[in-house]
Structure formats: C-alpha cells, structure tokens
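Below: one structure, written as structure tokens.
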Amino acid sequence: TLNQIGQLHSYLGDYAQAEKAYLHGIRLLENCACESLRLSRLLDNLASLYLTANTHHAQVERLRRRALDLCISELGPQHPDVAILLSNLGATAMIRRRFPEAQTLYERAVTILEADPGPYAANVAGVLANRAVLSFQLGRSPDALNDLTRAVAMYEEALGVRHPELVRPLMNLASMYIRLDRAGLA
C-alpha cells in the first residue's frame, strides 16, 4: 500500500518520496468514506514524517487533528487507536510548548489504554514514557520517575528484557536518575 511505501521511504531517509506516497494515498482516499481508518493512518504518518524531516510544522497539528477526528468517528472515543493518536497529538503540543494541552492529551490516552491494554501494552508504556518527559520538563520529578519506571516494566513484560525497543526507555530512566543525583540507581 502507499502507506507502507511511505513508511519504507521514511525509514530509508528519503523523505521526499515518503511524502509523495503519503500525499498520493491521501488523495486517493479523500472521497472514500469506507476507508477513513486508512486515511487516518496516512494523515498521522505524514504528520510524523514532517516532524522527522523538520518541515511543514504548521501542517502537523492540522493533520493529526484530522486523523484523530476520523478515527473517533469510525471507532468511537475510547478505542486504543484513538489513544495512540491522542498521544501523538500530545507530542505535537509538547513540541509547541503547550504543556497543559499535552498533559491533558496524554492523560486521556493513558486512561483509554489502561482500561484494556491487551495487545496495546507497549503503547501504554510509550504514552507513559512521553508523559514522563513532560512531567520532568514541568519539574514534577516524582511523577516523571513513576511513569518512566512503569513504562520500563511494561516494556519488559510486553516485549521481553532483551528487546531493542527497551534500550531507549532504560537510557531515559538512567538519565533521569543521574539528573536527580541518584546515579547509583542508573
């Protein structure tokens, strides 16, 4: 699919080709109501591409809000896919230094995902890790440490202790311990 082609080009660092694939897919799905979830994914992936490529900043939030609206209308406001989009929108708000909005979006995402994590346990961990970064930036170190510790434990349970995705949360946790003058725990 064009979404997968866009993801591949993005992974390879060929952002121009990734953008072309996403935009082509979006144009094809714009008028097809039965494909709103696929359109939502394309919109969110295009927004992520723009953040990665450090371009089109003004469009990122609009793309993510539209993706969220489509997903909510298709799946309802409590679906885990909605939570993932809420978290992505929270990350966008955090980048724009709109911390209260980011906090609210992360809280909504965590609430939805914790209600029935099932196969989304790694996503819960990801949202907790993002919320930890926000809490730390806001000077709420105990909250940040709690969220990050929970995220690491969830990643370990969901992915296994040797999974490569565990490296970043562990490094973030070690970094937080060092910043809190608790280097012995790092």
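FYI, side chains are in, hydrogens and waters are out, and symmetry mates aren't considered; it's all heavy atoms of this structure. Here the structure is a predicted model, which means the values were calculated and not measured.
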List the steps and the verdict of side chain to side chain contact (heavy atoms under 4.5 Å, CB included) for Arg66 and Leu39. CA-CA 10 Å; Arg66 185 163 172 229; Leu39 178 57; 3.8 Å; yes
So which heavy atom on [X] is nearest to which on [Y], and how close?
X: Gly90; Y: Ala102; value: O-CB, 3.4 Å
X: Tyr22; Y: Gln7; value: OH-N, 3.2 Å
X: Leu166; Y: Gly160; value: CD2-O, 3.9 Å
X: Ile112; Y: Pro77; value: CD1-O, 3.3 Å
X: Ala67; Y: Leu85; value: O-CD1, 3.6 Å
X: Leu2; Y: Leu42; value: C-CD2, 4.5 Å

Compare all side-chain heavy atoms of [X] with those of [Y] and state whether any distance is below 4.5 angstrom.
X: Arg65; Y: Arg62; result: no
X: Ser175; Y: Arg179; result: yes
X: Leu51; Y: Arg64; result: yes
X: Phe136; Y: Leu180; result: yes
X: Tyr15; Y: His9; result: no
X: Ser87; Y: Asn130; result: yes
X: Arg96; Y: Glu101; result: no
X: Ile26; Y: Glu30; result: yes

Measure from the side-chain N and O atoms of [X] to the backbone N and O of [Y], and report whether any donor-acceptor pair falls under 3.5 Å.
X: Thr149; Y: Leu145; answer: yes
X: Ser40; Y: Ser36; answer: no
X: Ser48; Y: Asp44; answer: yes
X: Thr111; Y: Glu107; answer: yes

CD of Glu157: more than 12 outside heavy atoms within 6.0 angstrom? no
Count the heavy atoms of every other residue, nucleotide or ligand shown that sit under 6.0 Å from NE2 of His163, and state whether that count exceeds 12. yes
ILVMFWY cluster, [X] and [Y] together (side-chain gap under 4.5 Å):
X: Val127; Y: Val124; answer: yes
X: Leu105; Y: Leu70; answer: no
X: Met154; Y: Leu134; answer: yes
X: Leu128; Y: Leu138; answer: yes

At what distance, to the nearest 0.5 angstrom, does [atom1] of [X] lie from [atom2] of [Y]?
X: Leu173; Y: Asp147; atom1: CG; atom2: CG; result: 11.5 Å
X: Thr1; Y: Arg38; atom1: OG1; atom2: CZ; result: 6.0 Å
X: Asp81; Y: Leu113; atom1: CG; atom2: CG; result: 9.5 Å

